[in-house]
Undergrad: 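Can you keep this structure in mind? I'll have questions shortly.
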Amino acid sequence: MSEDAEPIVDQARQNRIDGRLREALKGYERAADLARSANDMGQLAHAQRHVGDLQRELGQYRSAEYAASEAVTLYRQHGGGASLGLANALRVLALAQELLGQLSEADGSWREARPLYKAV
């Protein structure tokens, strides 16, 4: 994680714990912007996973699906494929897909996440 993003992510995490979801979302979005600018794809994947999860919690299901899908792609390309980060991104994607009524897609995301969770 870049030094610039670290305090932003720390504050976003605290905002989430404190129930300030909109502020947390803004923080993770800023961290994603910084990671994208720095070409730090691992950090971008992590930030986008949290962006997607927060958007889902805030009822922004289509945006959540988009962010989680990007996180999944980034984890697959830059995270070695079999990781807890990928499993968590797939979970966020599956939840968003369920809320959008995309049940077969959600089932596929859950099926992919399950063995990853079992491995860790």
Side-chain angles (χ1 to χ4, degrees):
M1 178 182 331
S2 77
E3 286 183 35
D4 293 341
E6 191 170 340
I8 294 168
V9 169
D10 289 344
Q11 184 61 55
R13 185 178 302 118
Q14 189 59 52
N15 283 336
R16 188 171 196 173
I17 290 167
D18 294 341
R20 296 189 305 266
L21 301 184
R22 292 191 190 287
E23 291 85 355
L25 176 57
K26 288 178 188 175
Y28 280 112
E29 287 172 334
R30 179 72 181 125
D33 290 343
L34 289 170
R36 198 179 304 277
S37 293
N39 202 31
D40 185 342
M41 297 299 111
Q43 183 59 35
L44 179 57
H46 176 81
Q48 282 296 88
R49 174 172 57 89
H50 285 286
V51 165
D53 207 22
L54 285 159
Q55 288 170 328
R56 178 190 57 80
E57 288 184 50
L58 291 166
Q60 302 168 8
Y61 307 137
R62 186 75 54 207
S63 296
E65 179 193 29
Y66 178 82
S69 180
E70 182 181 13
V72 166
T73 298
L74 289 166
Y75 277 118
R76 285 179 179 151
Q77 292 174 348
H78 304 282
S83 71
L84 181 58
L86 175 57
N88 287 335
L90 286 162
R91 176 189 58 80
V92 173
L93 180 59
L95 291 169
Q97 289 167 329
E98 286 175 2
L99 291 163
L100 289 166
Q102 301 169 354
L103 301 183
S104 74
E105 291 89 343
D107 184 59
S109 296
W110 283 121
R111 287 180 189 274
E112 186 177 351
R114 176 178 280 218
L116 295 173
Y117 277 124
K118 282 187 177 185
V120 293

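Computed from heavy atoms alone, side chains included, the values below leave out hydrogens, waters and symmetry copies.
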Undergrad: Taking all non-hydrogen atoms of both residues into account, name the closest pair between Ala94 and Ala106 and its distance.
TA: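 Residues Ala94 and Ala106, closest heavy atoms: O-CB, 3.5 Å.
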Undergrad: Which heavy atom of Ser69 sits nearest a heavy atom of Leu93, and at what distance?
TA: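 Smallest heavy-atom distance, with atoms named: N-CD1, 4.1 Å.
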Undergrad: Considering only heavy atoms from C-beta outward, does the side chain of Trp110 approach that of Leu90 to under 4.5 Å?
TA: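 SC-SC contact between Trp110 and Leu90 ruled out.
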Undergrad: Could you walk me through whether Gln48 and Glu70 pass the side-chain hydrogen bond (donor to acceptor under 3.5 Å, both in side chains) check?
TA: CA-CA 7 Å; Gln48 282 296 88; Glu70 182 181 13; 2.7 Å; yes
Undergrad: Answer yes or no: is there a side-chain heavy-atom contact under 4.5 Å between Leu95 and Tyr61?
TA: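 In short, these two side chains do not touch, never coming nearer than 4.5 Å.
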Undergrad: Calculate, to the nearest 0.5 Å, the distance between atoms CD and CD belonging to Gln43 and Glu6 respectively.
TA: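 Going from the CD atom of Gln43 to the CD atom of Glu6 covers 9.0 Å.
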Undergrad: Taking all non-hydrogen atoms of both residues, which atom of Ser63 and which atom of Gln55 are closest, and how far apart?
TA: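 Heavy atoms only, the tightest pair is O-OE1, 3.0 Å.
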Undergrad: Which atoms form the tightest heavy-atom contact between Leu86 and Arg76, and what is the distance?
TA: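 So the two residues come closest at CD1-CG, 4.1 Å.
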Undergrad: Determine the minimum heavy-atom distance between Ile8 and Gly27, stating which atoms define it.
TA: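 Heavy-atom minimum between the residues: CG2-O, 3.1 Å.
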Undergrad: Kindly check if the number of other-residue, nucleotide or ligand heavy atoms within 6.0 Å of CZ (Arg114) is above 12?
TA: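 No, because the 6.0 Å sphere around CZ of Arg114 holds 12 heavy atoms or fewer from other groups.
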Undergrad: I'd like to know if Glu65 pairs up with Arg62 as an ion pair, taking the criterion as any Lys NZ or Arg NE/NH1/NH2 lying under 4.0 Å from an Asp or Glu carboxylate oxygen.
TA: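 Yes, Glu65 and Arg62 are salt-bridged.
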Undergrad: Are Leu58 and Tyr28 grouped together when hydrophobic residues (ILVMFWY) are joined by side-chain heavy atoms under 4.5 angstrom apart?
TA: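 Leu58 and Tyr28: one cluster.
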Undergrad: Knowing that exactly one of His50, Arg49, Arg56 qualifies, which makes a side chain to side chain donor-acceptor pair (under 3.5 Å) with Asp53?
TA: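 Among His50, Arg49, Arg56, the one meeting side chain to side chain donor-acceptor pair (under 3.5 Å) with Asp53 is Arg56.
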Undergrad: Would you name the heavy atoms of Ser83 and Tyr75 that are closest together and state the gap between them?
TA: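 Minimum heavy-atom contact is OG-CD2, 4.3 Å.
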Undergrad: List the steps, then state whether side chain to side chain contact (heavy atoms under 4.5 Å, CB included) holds for Met41 with Leu44.
TA: CA-CA 5 Å; Met41 297 299 111; Leu44 179 57; 4.1 Å; yes
Undergrad: Treating Ile, Leu, Val, Met, Phe, Trp and Tyr as nodes and any side-chain heavy-atom pair under 4.5 angstrom as an edge, say whether Leu99 and Val51 lie in one connected cluster.
TA: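 The answer is no; the residues belong to distinct hydrophobic clusters.
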Undergrad: Going through the distances and angles, do Asp10 and Gln14 end up as a side-chain hydrogen bond (donor to acceptor under 3.5 Å, both in side chains)?
TA: CA-CA 6 Å; Asp10 289 344; Gln14 189 59 52; over 6 Å; no
Undergrad: Report the residue from Leu25, Asn15, Val92 that forms a side chain to side chain contact (heavy atoms under 4.5 Å, CB included) with Leu54.
TA: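 Option passing the side chain to side chain contact (heavy atoms under 4.5 Å, CB included) with Leu54: Leu25.
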Undergrad: What's the spacing between Asp40 CG and His46 NE2 if we round to 0.5 Å?
TA: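 One finds 11.0 Å between CG of Asp40 and NE2 of His46.
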